[in-house]
Every structure is written in C-alpha cells, then in structure tokens.
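Data first, discussion second: the structure below is written as structure tokens.
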Amino acid sequence: MEDRTRRTLLRSAGVAGASAAIGGAAASSASARPKEERFPRTADHPSTYDWTEAELKDRKRVLAAGFTEQEADGWLLLNRGAAIFFELPEQHPSDLPEAVEAIHVLQGKYLARPTYRRYLEAARDEGAEGRAR
C-alpha cells in the first residue's frame, strides 16, 4: 500500500476534483445538445470521426484485438485528447507525469475490456456445460 504522504493525498484530491469538474462540465454541456451533435460522425461511415490514416490503422489494430466499434472510437478520441493536452503550455512541473499516468490508466481500462468480455463468456459457457451434465 502506498504511504500516506502529503503528495499522495494531494494527488488523490487533485485527481478526484479534476474528474468531478471535467465530468460535471462535460455532462452538463453534452446533455444540452442532441446526441448526434455530441458525437459527430462522417457521412461515409457512421462509426468514424474523420480519422487520419494513422488513426485508421490503429483503429484496425484495436478492433482486431477485440474492441467494439464504440471502444475503438473511445480509444482514438482518448489519444486525440491526450495529444491536445500535451500541446498545452505547462502550468506546473507535475502536470506532465500525472497526465501520462492518468492517460495510461484509461488506456489500460480500454485494453482490459476485450479480455474481461472473453472471461465472462468462458464463465457463462462453463456454467452452461455444468448444467448440461
């Protein structure tokens, strides 16, 4: 377990506060607009966001890894958001390492989803086999 230092407590409070602020602001502004405007799609493909060639290659890879269409979109949007954040001027020396850690946590959550789905499917199949005996 991590030691309870001033730094870890401040980091926890900062992450929680930022998450609440971002979540509240995003929810209030997003809910004021129709879903179609919140999640713009290109006309030629309903599940793409005018992706670059590099993003389309990455999207193909994560779909091959088991992502759903929605997860692939979220993955790429997360990466776009991270790139935009890293272009901002630095306000505090700890911003960069903390942002990297936060982005990696979210990327890990996305990467775990296909594995967890397969795990649940295996458990469900195992239960069905057990009942058939």
Side-chain angles (χ1 to χ4, degrees):
M1 185 168 160
E2 193 173 1
D3 289 339
R4 295 264 182 205
T5 64
R6 183 176 52 173
R7 182 178 298 239
T8 60
L9 292 173
L10 287 172
R11 181 181 301 147
S12 298
V15 169
S19 297
I22 291 169
S28 63
S29 67
S31 62
R33 294 177 287 159
K35 184 177 180 180
E36 296 76 31
E37 291 178 29
R38 291 192 313 255
F39 306 105
R41 310 284 189 177
T42 58
D44 59 328
H45 195 288
S47 65
T48 58
Y49 290 78
D50 195 25
W51 303 121
T52 66
E53 187 176 328
E55 287 172 325
L56 287 172
K57 288 179 181 178
D58 194 29
R59 189 172 202 283
K60 185 177 180 181
R61 287 190 293 267
V62 295
L63 288 169
F67 278 35
T68 64
E69 295 279 332
Q70 189 175 12
E71 289 166 344
D73 288 346
W75 172 264
L76 293 176
L77 290 170
L78 171 63
N79 292 336
R80 276 187 179 181
I84 291 168
F85 180 83
F86 293 128
E87 290 174 358
L88 297 172
E90 182 181 283
Q91 291 185 330
H92 191 275
S94 65
D95 284 348
L96 181 63
E98 289 174 356
V100 168
E101 183 179 344
I103 291 161
H104 284 162
V105 167
L106 289 171
Q107 287 175 330
K109 293 295 182 186
Y110 273 106
L111 290 168
R113 291 180 63 85
T115 302
Y116 191 61
R117 267 195 304 279
R118 288 190 179 121
Y119 171 81
L120 293 175
E121 289 169 8
R124 209 171 20 252
D125 292 347
E126 185 179 283
E129 289 174 9
R131 288 189 296 269
R133 291 182 192 170

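What you are looking at is a predicted structure, and each value in this text was computed from that prediction instead of being measured.
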**Report entry** Y119: hydrophobic cluster co-members (side-chain, 4.5 Å)
**Finding:**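 Members other than Y119 - counting any ILVMFWY side chain reachable under 4.5 Å - are Y116, L120.
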Report task. Return each pair, listed once, that meets salt bridge (charged side-chain N to carboxylate O under 4.0 Å, His left out) where at least one residue sits in residues 79-90; pairs must be two or more places apart or across chains. Result ->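 Applying salt bridge (charged side-chain N to carboxylate O under 4.0 Å, His left out) to every pair that reaches into residues 79-90, excluding sequence neighbours, yields E55-R80.
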Please tabulate, for the side chains in residues 107-114, all donor-acceptor contacts under 3.5 angstrom to protein atoms that are two or more places apart in sequence or on a different chain.
from	atom 1	to	atom 2	distance (Å)
Q107	NE2	N79	OD1	2.9
R113	NE	E71	OE2	2.5
R113	NH2	E71	OE2	3.4

**Report entry** Which residues share a side-chain contact (heavy atoms from CB on, under 4.5 Å) with R61, sequence neighbours left out
**Finding:**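 Residues passing side-chain contact (heavy atoms from CB on, under 4.5 Å) with R61: K57, D58.
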Report task. Using the test side-chain contact (heavy atoms from CB on, under 4.5 Å), find all partners of F86 that sit at least two apart in sequence or belong to another chain. Result ->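 Partners of F86 under the side-chain contact (heavy atoms from CB on, under 4.5 Å) test: A82, L96, A99, V100, I103.
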Report task. Keeping the roles fixed (side chain from R118, backbone from G66), state whether a donor-acceptor pair exists under 3.5 Å. Result ->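 No; zero donor-acceptor contacts below 3.5 Å.
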Report task. Output, in order, the C-alpha distance, side-chain angles, deciding distance and verdict of side-chain contact (heavy atoms from CB on, under 4.5 Å) for W51 and L76. Result -> CA-CA 9 Å; W51 303 121; L76 293 176; 3.4 Å; yes
**Report entry** Pair listing, ring pair (Phe, Tyr, Trp, His ring centres under 6.0 Å) test, anchored in residues 64-85, at least two apart
**Finding:**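 Passing the test, one end in residues 64-85: F67-W75.
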Query raised in the report: Does the side-chain contact (heavy atoms from CB on, under 4.5 Å) test come out yes or no for E98 and E101, once each step is laid out?
Result: CA-CA 5 Å; E98 289 174 356; E101 183 179 344; 5.5 Å; no
